[in-house]
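Chain A is the first sequence line, chain B the second, and so forth, proteins listed ahead of strands; every chain is numbered from 1. All of these numbers come straight from a predicted model, not from anything done at the bench.
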Amino acid sequence: METARRTCGNGVYRSGDIDRQVAVFGWVQAYRNHGGVLFIDVRDRTGFVQLRCETDRAAVYATALTLRPEWVVAATGKVISRASNTNSKIATGDVEIEVHALEVLSEAQTPPFEIKDGVNANDDLRLQYRYLDLRRPELSKNFAARSHITQLTRKYFIEHDFLELETPILTKSTPEGARDYLVPSRVHGGQFYALPQSPQQFKQLFMMAGMDRYMQICRCFRDEDLRADRQPEFTQLDLEMSFVTPEQLYELLEGYVAMVWKEFLGVDIALPVQRMTYAQAMDTYGCDKPDLRFELPLCDITETVRGATEFRVFTAALESGGRVKALALPDGSAFTRKDLDTTLPQEAATHGAKGLAWARIAAGGEWSGPVAKALSVELRAELAAKLGVGDGALILFVADKAAVVNASLARLRLVAAERLGLLLKSKWAFLWVTDFPMFEYDDGEKRWSAMHHPFTSPRPDQVHLLDSEPGAVLAQAYDLVVNGTELGGGSIRIHRSDLQAKVFGLLGLSDEQVRDKFGFFVDALKYGTPPHGGIAFGLDRLMMLLVGADSLRDVIAFPKTARAACLMSQAPCAVDERQLAELHIAVAK
RNA sequence: GGAGUGGUAGUUCAGUUGGUUAGAACGCUGGCCUGUCAAGCCAGAGGUCGCGGGUUCAAGUCCCGUCCGCUCCGCCA
C-alpha cells in the first residue's frame, strides 16, 4: 500500500466525495475504541479525516487495535456518510472513511508533548522537537501562509517589471551597522568573509549595472542580541529601482501591501497610506514607529510648566535642559493606585525614567495625586485645556532628558493601550514615517553615525547643511510602520561619488578606510550611476502581522533561542582541531 | 553587558510558616465498551524537585553560585 496513490489531502473530504474509493495517508492524531467499532483521526497538513474500522474486517480491526498516536498509516476504503452522527465542528465532519485495508507505515515513540493545537509545552521543549511542533495545525498553517505570501510577492513585483536577482552570501565585512557573522577562509589564511547584513551594496551595484528594477527574497544575518521580533538570521524582501522618486516607491509599495492584505486577509487598506515626519512622530508619540490604531498622543508641556511650578521633579529636569511631557488618558479608571505606584513606574524605569508623576481629575474637576498639590489652580486649568481632558482623566508626567521622556512615555502609551483594549488585531494602521535625520551622534564613539545607512541620500534641499550642521540634515529615508511594527525601511541612495565621499567623511571614515572597505563601491559610482532608491521589508515581521503571531519563532521554521542557539541541532558547537587547523584558526582559551 | 521572570512525573501545573510517604489533570500501560470525535468507565506504572555548594535536627521551600527558556534595556546602519 506504500505505493498506492494518495487521493487528496485528509482535510478536504466532503459529502460530495461519498462513495469514492480512496487512499488516505497520514499521522494518527487520535483513536477512539468502542469495542466493536474503532475511530481513527488521520492528520496531514490539510487537516484530518475520521477512519472507521469494524470487527467484521478482522485484519483491519486487528491492525487498528495496535495503533498509537503519531504512527504513520495508510488506509484504503470508501467515503461514506456519517448519517446522523455528523460533527459540524470538523471540516470533514460530514463523512468518514470505511476502511477496507489498513497498514502501518511507521511506528512512533510517544512524543514528548501532545501534537495538538492549544498545547502549552515549554518553548525549549518545543524547539528541541521542532519537527513535532511543526505538525501542529496552528503552527503549520503559518508556513502554508508564508509560502502563499512569497508567491504573491514574486508575482506582484515580476508584474511590475522587476528582475529577481541573487546576491552573494559569502561577502565582505564592512564597518558601520551591525556586528557581522564571519566565515573564515581556508584558501586565504587569516582572512574572513562576512555574511550579509543586507545586500545593500550589491543591489545598488545592480542599478549601476543597468538592471533597473531588482527584487530578492533573501536571507540576512546580524550578530546582535535577539528579541521576540529579531532573529540572527531573517528574511528580507529586498527591492531597488533606478530613476525613482520617493512618491513612486510609496505608490508601488502601497499597492503591494494592499494586494497582500486583500488577497490574504480579505481586508481593504485605505490608500494612500498616512504619512508623518520623523520629527512629528517623535514629538507626538515619542517613537519613530507609532502604533496609530489608537490616538493617545503625548503632549510637550515643557513651556507650560516652566516658571509656573516649584515641583522639584519638573524644575530639576528643566534646569538640566530636559523636557516635560504628559500622556493624558481621558478615562483613568482602569488604573489602580498600585499601577500608578508600582507597575507603570517600573515600565517607565526600563526606559530610563527615574520616576513617574501622575494626577487624576475627579468628577467636579478636583485634582488628586502626588503632583496635584504642586500645581496651582491656574496651571491645572491650563494643563487640562492643553491636554484636552476633563473629569475622570488620568495624566502621566515624565520629566527628564528628551530621549528618556520620549522612550518611557512611548512605552506607557502602549501599556495603557493594551490595558484599555486598544490593540485590536483586526485593525490595521499603516504609516509612512519620512524625513529621518541623516545622522545621529554616537556618544560612545564621539562621532556621527548614519541613522539609516551610509548610502542614504540627504534631501536635495538639505545638502548645504552637511558642512555646517550635520545633525540637522534630513535624509530621503522612509519607514513603513504597521500597528507599531517597523515593517520596512528604505531610502533614495547617493548616486554621486563626491556626495558619497562627503558623507563617508562626516562619518569619520578616512580615505584609506573608504578605499579598503568600500573601494569597489566608490569606484563603481564613478562609472555612470543612475539615481536610484529602494526599500527592504522584513518578511518574517510581515508574516507575524498577517497571521497574528507574537513571536518570530511562530513564522520561522527553525528559529534560534534568545541566545542564538538552535536547540534542535545544538548549533553552534565546537569543531575538531583538524577543521580549525585547515582554517588557520586557534581558539583562545 | 544589565534587569525581570520561570525551571517539581512524559507534559502542564499545585506544593502554606522549612516538618510524616511530594500531589492533580492530561498523557502513557493494561482491561471493558458498536457512534465517538478533548470519547467514556476501571486499574496501574511513572519523581536526580535544572545543576553545584551552604544554613539547619530537618530544604522542593531559606542563602550563594551556576546552566537553560522567555520578556525587556543596552545593541540591532
Does P69(A) or E54(A) map to a spot on RNA chain B nearer the 5' end, using the closest nucleotide for each?
->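 The answer here is P69(A).
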
Between M451(A) and T55(A), just flag the one whose closest nucleotide in RNA chain B comes earlier from the 5' side.
->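 First, find each residue's nearest nucleotide; the 5'-ward one identifies T55(A).
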
Rounded [atom1] spacing from [N] to [M] in Å:
N	M	atom1	answer
U16(B)	G60(B)	C1'	13 Å
C13(B)	C76(B)	C1'	37 Å
A24(B)	G15(B)	C1'	11 Å
G31(B)	U21(B)	C1'	28 Å
U29(B)	G53(B)	C1'	40 Å
C62(B)	U56(B)	C1'	10 Å
G52(B)	C57(B)	C1'	24 Å
C42(B)	G19(B)	P	34 Å

Paired nucleotide for [N] [Watson-Crick or G-U wobble; both distances under 3.5 Å]:
N	result
U71(B)	A3(B)
G46(B)	none
C57(B)	G19(B)
C26(B)	G10(B)
G40(B)	C32(B)

Rounded to the nearest angstrom, tell me the gap between atom [atom1] in [X] and atom [atom2] in [N].
X	N	atom1	atom2	value
E70(A)	C28(B)	CD	P	10 Å
W71(A)	C28(B)	CH2	P	12 Å
M568(A)	C68(B)	CE	C1'	18 Å
Q346(A)	G4(B)	CD	P	10 Å
R136(A)	G27(B)	CZ	C1'	16 Å
E347(A)	A3(B)	CD	P	18 Å

Distance-only donor-acceptor check, side chains D291(A) and Y285(A), under 3.5 Å |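 On atom types as modelled, these side chains do not qualify, holding no pair under 3.5 Å.
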
In plain terms, say whether [X] and [Y] are close enough for a salt bridge, that is, a side-chain N and a carboxylate O under 4.0 Å apart.
X	Y	value
R32(A)	D41(A)	yes
E138(A)	K116(A)	no
E224(A)	R222(A)	no
D123(A)	R126(A)	yes
E486(A)	K289(A)	no

Contact state string [nucleotides 69-76 of chain B, B base, S sugar-phosphate only, - no protein heavy atom under 4.0 Å] | SSSSBBBB

Give the B/S/- string for nucleotides 36-44 of chain B, one per nucleotide from 5' to 3', where a protein heavy atom under 4.0 Å of the base yields B, of only the sugar-phosphate yields S, and otherwise -.
-> BBSB-----

Check every strand shown and say whether [X] touches a base, only sugar-phosphate, or nothing at a heavy-atom separation below 4.0 Å.
X	value
P112(A)	sugar-phosphate
L125(A)	sugar-phosphate
T174(A)	nothing

Return the nearest nucleotide to the side chain of A121(A); candidates are U11(B), U34(B), U29(B).
->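 Looking only at heavy atoms from C-beta outward on A121(A), the closest nucleotide is U11(B).
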
For T529(A), check side chain to side chain donor-acceptor pair (under 3.5 Å) against everything at least two apart and list the hits.
->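 Testing T529(A) for side chain to side chain donor-acceptor pair (under 3.5 Å), a comparison that skips the adjacent residues, returns none.
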
F221(A) atom CZ: more than 12 heavy-atom contacts under 6.0 Å =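 Yes, CZ of F221(A) has more than 12 neighbouring heavy atoms, counting only those of other groups under 6.0 Å.
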
Find out whether [X] and [Y] are in side-chain contact, i.e. whether some heavy atom of one side chain is under 4.5 Å from a heavy atom of the other.
X	Y	value
M282(A)	Y278(A)	yes
I115(A)	P69(A)	no
R68(A)	Y31(A)	yes

